[in-house]
Amino acid sequence: MPSGQPATTNGQQATRLPREFFDRAATEVAPDLLGCVLWHDSPAGLVAARLVEVEAYMGPADPASHSYRGQTARNAVMFGPPGYLYVYFTYGMHFCANLVCQPPGQPEAVLLRAGEIVAGADLATRRRAGERDPAADDPVHETGTPGGGVRAARAGANGRAIRPVDLARGPARLCQALDIDRSQDGLDACAPGSPVGIGPPSAADQQALAAGQQTIGTGPRVGISRAVDRPWRYWLAGDKHVSIYRPVKPRPSRRKPVTGRDTEDGTMLR
DNA sequence: TGCTCGATTACCT
DNA sequence: GGTAATCGAGCAA
């Protein structure tokens, strides 16, 4: 049962990052989020991930940001107060989660790209394998996950085992492991009682970072075609849970078939 | 209203 | 390494 303020793996109550933590530029918040623990306490159980990779999106000044073109129904949460979860749907089948930064009206956010599952690994594995949460038997949830059926079919097709390192390695995988979708859009990660929250790094992580044993890598963001020169991606150097960097590649056109006549060379333009 | 593209992933060769 | 899957958002006409 969701308690809103879940116990950690050692039974203690989790501490949430304060809202002031997010009331800064996304480029300042992003590296500080590395090592922090994001959790979702759903009806099916608690899953928590230690963040190892994030990206900063800087609002109207950043052509790669969803808020670059102004406020819409989709990105409205970005324009609100800091510490809220902004979840969007992309590629027809994936969800990605962000944490909103800066005060209302300054739509900056940090994309959560990858993490290490530190609690609820069994539940996360089942979700990643395409199984629906047993507790999520309401019809809205059942149909509210576009692509879920595809994923389930694919995962079930060959029963390929999901390696623990791959459970939350990638923004969409992270969302799937934590069962985050558009129904979590707009949740307050800082509010006591919220099913989604984020806490500070473990003592070991804090020590390692402070002592310089753990360093932070920076580089260009993944999968974007604009503002590719800005090194606003941050990760824990050497961590095996960091996703694989793939520069964006222009896709060939996918024009729908035209009845009667194709193009000269037979290729289907988009 | 129709078209294009996308902050991705899994599968196949 | 290449590509299919899949559909919502945003833009142009």
Side-chain angles (χ1 to χ4, degrees), chain A residues 26-27 30 33 51 53-60 62-79 85-101 107-115 125 127-130 143-163 165-177 180-183 185 219-235 242-259 267-270:
Chain A
T27 46
L33 279 174
L51 299 177
E53 183 185 1
V54 297
E55 287 177 358
Y57 286 86
M58 296 297 283
D62 178 6
S65 173
H66 284 182
S67 55
Y68 178 65
R69 296 178 204 277
Q71 184 172 350
T72 65
R74 177 209 204 189
N75 65 17
V77 174
M78 278 186 85
F79 289 76
L85 197 64
Y86 163 50
V87 184
Y88 66 88
F89 181 62
T90 189
Y91 287 97
M93 63 192 86
H94 297 303
F95 295 100
C96 297
N98 301 250
L99 285 165
V100 176
C101 301
E108 299 183 13
V110 175
L111 170 69
L112 311 178
R113 280 201 60 86
T125 302
R127 285 171 174 161
R128 291 275 288 106
T143 57
T145 308
V150 173
R151 288 194 300 263
R154 284 182 175 176
N158 59 9
R160 182 175 295 184
I162 297 167
R163 297 183 305 163
V165 72
D166 287 332
L167 278 177
R169 195 184 193 199
R173 291 167 171 177
L174 178 67
C175 283
Q176 194 181 6
I180 290 173
D181 58 30
R182 282 287 288 176
S183 58
D185 184 48
R221 293 170 292 182
V222 177
I224 57 172
S225 54
R226 288 165 291 208
V228 293
D229 56 321
R230 302 179 197 185
W232 290 341
R233 173 173 169 250
Y234 306 86
W235 65 90
V242 172
S243 67
I244 299 161
Y245 176 68
R246 278 174 294 200
V248 71
K249 194 171 46 177
R251 290 195 312 180
S253 297
R254 293 176 305 172
R255 194 174 290 283
K256 287 175 182 172
V258 179
T259 52
T267 55
M268 293 297 219
L269 300 176
R270 192 174 181 189

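Naming: A, B, ... by sequence-line order, numbering from 1 per chain.
In this structure, the CZ atom of A:Arg226 is 9 Å from the P atom of C:dC11, given to the nearest Å. We find that CG of A:Leu167 is positioned 11 Å from P of B:dA10, with the value rounded to whole Å. Between A:Arg230 atom CZ and B:dA7 atom P there is a gap of 15 Å when expressed in whole angstrom units. Between the C1' atom of B:dA7 and the CG atom of A:Asn98 lies a distance of 8 Å, rounded to the nearest Å. In this structure, A:Asp62 atom CG and B:dA7 atom P are separated by 11 Å, rounded to whole Å. At whole-Å resolution of the value, CD in A:Glu108 and P in B:dA7 are 18 Å apart. Distance, A:Ile224 CD1 to B:dG6 C1': 12 Å, rounded to whole Å. Summarising the geometry, the separation between CE on A:Met93 and P on C:dA4 is reported as 12 Å, rounded to the nearest angstrom.
The nucleotide whose nearest atom lies closest to any side-chain atom of A:Arg128 is, among B:dT8, B:dA10, C:dG8, B:dA10. The side chain of A:Ala172 has B:dT8 as its nearest neighbour among B:dT8, B:dA10, B:dA7. Closest to the A:Arg74 side chain, of the nucleotides C:dG10, B:dA10, B:dG6, is C:dG10. Of the candidates B:dA7, B:dA10, C:dC7, the closest approach to any side-chain atom of A:Phe89 belongs to C:dC7.
Across all strands shown, C:dG10 is found opposite B:dC3 as a Watson-Crick or G-U wobble partner, with both distances under 3.5 Å.
Checking side-chain atoms of A:Arg221 against main-chain N and O of A:Ala56 turns up a donor-acceptor pair under 3.5 Å.
Taking side-chain N and O atoms only, A:Arg69 has no distance below 4.0 Å to OP1 or OP2 of C:dA9. A sub-4.0 Å separation between OP1 or OP2 of C:dG10 and a side-chain N or O of A:Thr72 is present. Proximity of A:Arg113 to the phosphate of B:dA7: no side-chain N or O atom is located under 4.0 Å from OP1 or OP2. Listed pair A:Ser225 / B:dG6 meets the phosphate criterion, a side-chain N or O lying under 4.0 Å from OP1 or OP2. Under 4.0 angstrom from either OP1 or OP2 of B:dA7 there lies at least one side-chain N or O belonging to A:His66.
None of A:Glu53, A:Arg113, A:Arg169 except one satisfies the side-chain contact (heavy atoms from CB on, under 4.5 Å) rule with A:Val242; the exception is A:Glu53.
The base of C:dA9 does not come close enough to the side chain of A:Tyr88 for any donor and acceptor atom to sit less than 3.5 Å apart.
Side-chain contact between A:Leu51 and A:Leu174 is present, with heavy atoms from C-beta onward closer than 4.5 Å.
The minimum heavy-atom distance between A:Arg226 and A:Pro63, with the atom names listed, is NE-O, 3.5 Å.
A:Tyr86 and A:His66 have perpendicular rings, their planes meeting at more than 60° on a 0 to 90° scale where under 30° would count as parallel.
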